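Read through the structure below, which is laid out as structure tokens, and then see the notes.
Computed from a prediction, not measured in an experiment: that's the story for all the values here. Each chain gets a letter, A, B and so on, in the order its sequence line appears, and its residues count up from 1.
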Protein chains: 2
Amino acid sequence: MKRARYHHGDLRNALLVATIELVRERGARGFSVSEAARRAGVSITAPYRHFADREAMLAAVALRGFTQLEEVFTSRTEQDPVERLVAIADAYVAFARADPALFEVMFASGIDKESHPDVLARAYRVQELLVDAVGKLTPDDRERRAAEFWSIAHGVAALATEDRLRYLTAEAGSLAGTAVRAWSAGLT
Amino acid sequence: MKRARYHHGDLRNALLVATIELVRERGARGFSVSEAARRAGVSITAPYRHFADREAMLAAVALRGFTQLEEVFTSRTEQDPVERLVAIADAYVAFARADPALFEVMFASGIDKESHPDVLARAYRVQELLVDAVGKLTPDDRERRAAEFWSIAHGVAALATEDRLRYLTAEAGSLAGTAVRAWSAGLT
DNA sequence: GCTTAATGTGTAAGCCTCTAACATTGGAGT
DNA sequence: ACTCCAATGTTAGAGGCTTACACATTAAGC
């Protein structure tokens, strides 16, 4: 029987786990520092030793999310430029649907960019990967085209996680991939 | 000098105005029923005569937003199917950028679909407009293609309002239109 | 005019965030 | 081993928010 120790040992990490769990259960707005502390088995104010405020906890979760997303992208190694983009787009949507809560924290939890430049920087780094991948397809306007590409994938992911896509049933799948295919075919 | 009357006269509307103002200033999370009441010049509990709870106020604002969006879409009357879609996509992004707060309430304020089916229904109705417009371009798979189209426009709008598009400067403009043009060209 | 339903107020319970002072402990340096 | 200190937790408390409930006021139909 493990006695409750004064020092938790791995509180910061435990709090982040509790945070994402809570967002899964109640949404980003339903998350509270108090409840996360309760779940980690510490007093309500203990989290403030590790995070400046409530938002900082969400920002830390978002940061992890972008790191994961980066890994998802770098793991796609298709040779054909189009197929690679299709795979990335579908992987992006799969990532969002696999953990909508994490996706919500990353993009829709109202984290302030000014107070958390690290999160924005990480998001930009992920964007760089897309610029590279898109550059293999069209050397012209890589940045702009990458923004278009990301928008397609992000649009599907955002609408899908919010259940706003009436005609997107589970089996329909690969909506992003199909859209990207059309888009890349249209880039003369 | 107008005396403060017991009955406001147009409280519901005044509260909605205060709500969107507050979201503009502090984001959806920063909005509070108390502050909205304060601005409308009534007691903190008065809003509960008009709205079930805090979320209902945001839902009412979102509903208005979708109505506005519907008007924006129906006002595009370009003849050429492609040009019409390009115009709609750009109008969508312009709508989001003109009032990011409203866009946030509509899509990223965590309004529960179960408790506010009217908002979802209105969103679906807007989607119908897109299905029609896309149908003029490709009769095949209208619903699915419309979902792709909406995703493109929504992706640009969502990323732009969150300042996540590093390479999207103000003058760059029409990113959505360009993407839609490529996409429609690629639909053989 | 009277009555009543609609609309607004006051009070209070129970949550939450975050600050400040105090308690405990693991480790670094001796 | 011992001491001390920085890191990590706790307790107490201020102040804000949501929401229920009882009470006050008034607009509007009869």
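- The ring pair (Phe, Tyr, Trp, His ring centres under 6.0 Å) search around A:F66 returns A:F107, not counting sequence neighbours.
- Looking at residues two or more places apart in sequence or on another chain, you find a side chain to side chain contact (heavy atoms under 4.5 Å, CB included) between A:T178 and A:S174, B:R144, B:R145, B:E148.
- Distance, A:R38 CZ to C:dT17 C1': 12 Å, rounded to whole Å.
- Counting only residues at least two apart or on different chains, no salt bridge (Lys or Arg N to Asp or Glu O under 4.0 Å) pair has a member in residues 7-19 of chain A.
- Listed by first then second residue, pairs satisfying salt bridge (Lys or Arg N to Asp or Glu O under 4.0 Å) with a partner in residues 69-84 of chain B read B:E70-B:R125, B:R76-B:E78, B:E83-B:R181, not counting sequence neighbours.
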What's touching nucleotides 11-14 of chain D from the protein side, N or O pairs under 3.5 Å?
unit_1: D:dT11; atom_1: O4; unit_2: A:T45; atom_2: OG1; d: 2.6

Which atom pairs, donor and acceptor, lie under 3.5 Å between side-chain atoms of residues 153-163 of chain B and protein residues at least two apart or in another chain?
unit_1: B:H154; atom_1: ND1; unit_2: B:Y92; atom_2: OH; d: 2.8
unit_1: B:T161; atom_1: OG1; unit_2: B:A157; atom_2: O; d: 3.0
unit_1: B:T161; atom_1: OG1; unit_2: B:A158; atom_2: O; d: 3.0
unit_1: B:E162; atom_1: OE1; unit_2: B:R164; atom_2: NH1; d: 3.3

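- For DNA chain D, the residues of residues 48-56 of chain A within the heavy-atom distance limit of 4.0 Å (strictly under) are A:R49, A:H50, sorted by number.
- Pairs of residues two or more places apart, or lying in two chains, never qualify as salt bridge (Lys or Arg N to Asp or Glu O under 4.0 Å) while including a residue from residues 48-67 of chain A.
- With sequence neighbours left out, B:R29 forms a side chain to side chain donor-acceptor pair (under 3.5 Å) with no residue at all.
- In the region residues 13-35 of chain A, proximity to DNA chain C at under 4.0 angstrom, judged on heavy atoms, holds for A:S32, A:V33, A:S34.
- Within the structure, every pair that satisfies the salt bridge (Lys or Arg N to Asp or Glu O under 4.0 Å) test and touches residues 13-24 of chain A, not counting sequence neighbours, is listed here: A:E21-A:R39, A:R24-A:D99.
- Residues A:V134 and A:W150 fail the side-chain proximity criterion, which asks for heavy atoms closer than 4.5 Å.
- Under a 4.5 Å side-chain heavy-atom cut-off, the cluster of Ile, Leu, Val, Met, Phe, Trp and Tyr residues that includes A:Y124 is completed by A:L120.
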